Amino acid sequence: MNFQGMNVCKTLRKQSMHQSIVRIFFALIVGAALCLTTAQSVALIQSSRPNVLVPSRAATASSVQFDDPYSDFRNARYSNAGLLNENDELKLGMQLHREVTKKFNLTNVGLDRVERVGQRCAKTSLRPNMLYKFHVVQSREINGFSLPGGHVYITTALLRLANDNELASVLAHEIGHIVARHSLKTLQKSQEYDEIAKSIGELTGVAGSAARDLGVGLGQMLGSQLLTAHSRDEEREADFLGVRGMARAGFDPQGMITMFQKLQRVEEQDSSLLGTLFSDHPDAGERIENTRYEIARMRRR
């Protein structure tokens, strides 16, 4: 082979080597991309809730939870800022309780049990310094409600239906409404807010003409359920606060699920036994699913 031929061969060999290096480099890049995509896919783990994917902590630093029913409430901070101050809230609660005693028949039957379970849940709530007062209402309706100032009411029918864990779920839920100041927020949106706020601020006790005049307006509010009926989002928030609060108090959070299941059966058999307040709550099936999701999340932490 002559010198020129040798040069041609060398040139061809260099071109071939260069092409091989380019192909290898390209293959490495594609391989790395595929590995990254696979790792991200594997990082998605199936949660306890069907068809919900949750990124693992390795997949993302922020650990974002997909399809989290309580995502709006996890970082909430609760206070009376922008609402009635706590002192006026207590006065409002006293006035409202006076109206409750006129409207409902309160009883001491089962009150010791409600106090025992309720105070445990109150101490582990996100508002533990509030002086909570629990009351039992004589009624065939299965119902419960709460009012500003720490007042929580449970019917005798609900007491007969619920075991202690289930009772804790209801009481912790109602405490959740007080923690989140749901009734105060509703009051603030009402047309009567300015007048009521002024009247409450002028009260020095629970008697006198000012208290009587205020009681008339509050009685009408109570009758219309303005302060005891909540939006579905508020009910979800109270469920979220309740299931976590009852667990911290040492009650089995599964009690919230079995309570919902009992309410489902009652509704199927005789819906008239359920209090009117339950009619605006989220569907029991949804609440069961959400509670299961939250219990599983608490167990993973």
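Please read these numbers as outputs of a predicted model, since none were measured by experiment.
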Original post:
Under 3.5 Å, is there a donor-acceptor pair between the side chain of N163 and the main chain of E166?
Top reply: yes
**OP:** For the pair N85 (side chain) and D88 (backbone), establish whether a donor and an acceptor sit closer than 3.5 Å, ignoring hydrogens and angles.
**Re:** yes
**OP:** Examine V109 and I142 and state if one hydrophobic cluster contains both, with Ile, Leu, Val, Met, Phe, Trp and Tyr joined whenever side-chain heavy atoms are less than 4.5 Å apart.
**Re:** no
Original post:
What's the shortest heavy-atom distance between Y193 and L187, and which atoms?
Top reply: CB-O, 3.3 Å
**OP:** Report the C-alpha separation of L96 and H151 in whole Å, then their side-chain angles, then the decisive distance to 0.1 Å, and conclude whether the side-chain contact (heavy atoms from CB on, under 4.5 Å) test is met.
**Re:** CA-CA 9 Å; L96 285 168; H151 292 273; over 6 Å; no
Subject >> From CG (L227) to NE2 (H177), nearest 0.5 Å >> reply: 12.5 Å
**OP:** Answer with yes or no whether the side chains of E237 and H230 bring together a donor and an acceptor at under 3.5 Å.
**Re:** no
Subject >> Which atom of T258 lies closest to which atom of G255, heavy atoms considered >> reply: OG1-O, 3.1 Å
Original post:
Can you tell me how far the OG atom of S169 sits from the CG atom of D164, to the nearest 0.5 Å?
Top reply: 11.0 Å
**OP:** Indicate yes or no for a side-chain donor-acceptor contact from R77 to the backbone of N75 under 3.5 Å, with no hydrogens or angles considered.
**Re:** yes
Subject >> Donor-acceptor contact below 3.5 Å, side chain T155 vs main chain N143 >> reply: yes
Original post:
Roughly how far, to the nearest 0.5 Å, is the CG atom of L171 from the CD atom of E115?
Top reply: 10.0 Å
Original post:
Does N165 reach the main-chain N or O of D252 with its side chain, forming a donor-acceptor pair under 3.5 Å?
Top reply: yes
Subject >> Side-chain donor or acceptor of R113 paired with backbone N/O of L159 under 3.5 Å >> reply: yes
**OP:** Measure across S125 and I175 and return the closest heavy-atom pair with its distance rounded to 0.1 Å.
**Re:** CB-CG2, 3.7 Å
Original post:
Between D233 and R236, is the closest basic N to carboxylate O distance under 4.0 Å?
Top reply: yes
Subject >> Heavy-atom donor-acceptor pair, Q138 side chain to N105 backbone, under 3.5 Å >> reply: no
Original post:
With side chains defined as the heavy atoms from C-beta onward, is the minimum distance between M256 and R287 less than 4.5 Å?
Top reply: no
Original post:
What orientation do F240 and F73 show, parallel under 30°, tilted 30 to 60°, or perpendicular over 60°?
Top reply: tilted
Subject >> Parallel, tilted or perpendicular: ring planes of F104 versus F145, cut at 30 and 60 degrees >> reply: tilted
**OP:** Kindly indicate, with the supporting measurements, whether the criterion salt bridge (charged side-chain N to carboxylate O under 4.0 Å, His left out) is fulfilled by R74 and D68.
**Re:** CA-CA 10 Å; R74 296 202 182 277; D68 179 354; 2.6 Å; yes
Original post:
Is K262 reaching over with its side chain to a backbone N or O of L161, donor-acceptor style, under 3.5 angstrom?
Top reply: yes
**OP:** Kindly indicate whether the side chain of F134, heavy atoms from C-beta on, has any atom under 4.5 Å from the side chain of Q119.
**Re:** yes
Original post:
Can you find a pair of side-chain heavy atoms, one from D67 and one from Y293, that are under 4.5 Å apart?
Top reply: no
Subject >> Cation-pi, Y78 ring and R127 (6.0 angstrom, 45 degrees) >> reply: no
**OP:** Supply the atom-to-atom distance M221 CE to E192 CD, rounded to the nearest 0.5 angstrom.
**Re:** 4.0 Å
**OP:** Would you check if I178 and V152 make a side-chain contact, meaning some heavy-atom pair closer than 4.5 Å?
**Re:** yes
Subject >> Spatial distance of atom NZ (K103) from atom CD (E99) [nearest 0.5 Å] >> reply: 10.5 Å
Original post:
Roughly how far, to the nearest 0.5 Å, is the CD1 atom of I196 from the CG atom of L92?
Top reply: 7.5 Å
Subject >> Heavy-atom closest contact (L241 atom, G176 atom, distance) >> reply: CD1-O, 3.5 Å
**OP:** Heavy atoms only: give me the nearest L84-E89 pair and the separation to one decimal.
**Re:** CB-N, 4.4 Å
Subject >> Check: T156 side chain, S139 main-chain N or O, donor-acceptor pair, under 3.5 Å >> reply: yes
Subject >> Minimum heavy-atom distance P253-V243, with the two atoms named >> reply: CB-CG2, 3.8 Å
